Visitor: 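Please find one structure pasted underneath; my questions will follow.
Computation of the quantities below employed the complete heavy-atom set of this structure, encompassing side-chain atoms and omitting hydrogens, waters and symmetry-equivalent molecules. Values in this document were obtained by computation on a predicted structure and should not be read as measured data. Every chain is numbered from 1 and lettered A, B, ... according to where its sequence line falls, protein lines coming before strand lines.
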2 protein chains.
Amino acid sequence: MTQTSKCCRPPAFARLIEPRFFKALSDPNRIALLVRLARCRRPCSVSELNACCPVDLSVVSRHLAVLRDAGLLEARRRGKEVFYSVQCDRIVTTLRRIADAVEACCPRGRK
Amino acid sequence: MTQTSKCCRPPAFARLIEPRFFKALSDPNRIALLVRLARCRRPCSVSELNACCPVDLSVVSRHLAVLRDAGLLEARRRGKEVFYSVQCDRIVTTLRRIADAVEACCPRGRK
DNA sequence: TGCTCGTTTGCGTCATTGTGCAAGTATACG
DNA sequence: CGTATACTTGCACAATGACGCAAACGAGCA
């Protein structure tokens, strides 16, 4: 009798990991944008964020939209500008939940 | 005076987030493979893992190689078969480190 | 040595994605 | 109104990635 039927049953492990979330972080420019935004500790406009990316402003705008749609950023318009900020709670919670689920499946050897 | 110069300085925040790591998790089939492997709690062969993916065996092999190259899986040959297992420590550590770094940049509102 | 099984790799195809440019939208200001 | 500023979206194109099939590779076995 194998261990297959005795698999751990974390709360919806599979659904915990959304491709869109990770796809958003699979591009160097998007990571740079997120890091820049996190390090600034305050909402930043698109033009401001363009400083960390050697690409066209329209590309930055699109990258930010991807991060926003994936739930990593939040967008808020103030006047003519749109300020993006990091969805800290969501990111931290998501990462920790996955870490916990993985750990629950591989409890031994936690050296 | 802005907060820009007072950005948090987590240990190599930018390098903490590797595109390759997240790119590996950006595909549904690869996530399915990882989840299946984690739930089984033991090394599985390529043919075995093919059960959770409706794609050709060669595609599964390639997906596993991507996960291995990203440091998410480990491969070990035993006879004719190759057994893949989850690199739990590495995954858990990576996710928690990123979570900590993000949290450090957004300390307030940690409701 | 041949043969088989399990896995990987080469190749062609098709879909997706990142990019720049140009045009469009939204808001403020005169 | 019209204009300027900030951003988004349409379009075309190049690069990347997922996929299946067939061939190659590697380990065991007769």
Visitor: Quick check on DNA chain D: between A/K80 and A/S61, whose nearest nucleotide comes earlier from the 5' end?
Guide: A/K80

Visitor: Looking at C/dT8, I'd like to know if its phosphate oxygens (OP1 or OP2) sit under 4.0 Å from a side-chain N or O belonging to B/R77.
Guide: no

Visitor: So A/F83, base contact, sugar-phosphate only, or nothing? Heavy-atom distance under 4.0 Å.
Guide: nothing

Visitor: Judged by each residue's nearest nucleotide on DNA chain C, which is more toward the 5′ side, A/V66 or A/R78?
Guide: A/V66

Visitor: Does A/R90 come within less than 4.0 Å of A/E74, counting only side-chain N to carboxylate O?
Guide: no

Visitor: Does any N or O in the side chain of B/R77 come within less than 3.5 Å of the main-chain N or O of B/G79, such that one atom is a donor and the other an acceptor?
Guide: yes

Visitor: Base, sugar-phosphate, or nothing: which does A/R30 touch, judged by heavy atoms less than 4.0 Å apart?
Guide: sugar-phosphate

Visitor: How many Å lie between CG on B/L64 and C1' on D/dG17, as a whole number?
Guide: 16 Å

Visitor: I need the CG-P distance between A/D27 and D/dG17, as an integer number of Å.
Guide: 11 Å

Visitor: Working to the nearest 0.5 angstrom, can you tell me the gap between A/K80 NZ and A/S47 OG?
Guide: 10.5 Å

Visitor: Which distance, rounded to the nearest 0.5 Å, do you find between the CG of B/L34 and the CD1 of A/I17?
Guide: 5.5 Å

Visitor: For the base of D/dC19, is there a side-chain donor-acceptor partner from B/S58 under 3.5 Å away?
Guide: no

Visitor: What is the separation between atom CG on A/L49 and atom C1' on D/dC7, rounded to the nearest whole Å?
Guide: 12 Å

Visitor: Could you state the CG-P distance from B/D56 to C/dT8, rounded to the nearest angstrom?
Guide: 13 Å

Visitor: For A/L57 and B/L57, take the nucleotide of DNA chain D holding the closest heavy atom to each; which residue's nucleotide lies nearer the 5' end?
Guide: A/L57

Visitor: With a 4.0 Å cutoff (strictly under), does any side-chain N or O of B/H63 reach OP1 or OP2 of D/dG17?
Guide: no

Visitor: Under 4.0 Å between a side-chain N/O of B/N29 and OP1 or OP2 of D/dC19, yes or no?
Guide: yes

Visitor: After noting the C-alpha distance and the side-chain angles of B/C52 and B/L33, does the key distance pass the side chain to side chain contact (heavy atoms under 4.5 Å, CB included) rule?
Guide: CA-CA 7 Å; B/C52 73; B/L33 288 166; 3.7 Å; yes

Visitor: Is any side-chain nitrogen or oxygen of B/K23 closer than 4.0 Å to OP1 or OP2 of D/dT16?
Guide: no

Visitor: In whole Å, what is the span from the CZ atom of A/R76 to the C1' atom of D/dC7?
Guide: 17 Å

Visitor: Please report, rounded to the nearest Å, how far the C1' atom of C/dT17 is from the CZ atom of A/F22.
Guide: 19 Å

Visitor: Just so I know, are the side chains of A/F22 and A/I98 near enough to count as touching, which here means a heavy-atom distance under 4.5 Å?
Guide: yes

Visitor: Distance criterion of 3.5 Å, no angle test: do you see the side chain of B/R62 paired donor-to-acceptor with the base of C/dG10?
Guide: yes

Visitor: From the options C/dG6, D/dC7, D/dC19, select the nucleotide whose nearest atom is closest to the side chain of B/V55.
Guide: D/dC19

Visitor: In whole angstrom, give the distance that lies between atom CG of A/D69 and atom P of C/dT17.
Guide: 12 Å

Visitor: Does D/dA6 have OP1 or OP2 sitting under 4.0 Å from an N or O in the side chain of A/Y84?
Guide: no

Visitor: Measure from CG on B/N50 to P on C/dT7 and round the result to the nearest Å.
Guide: 9 Å

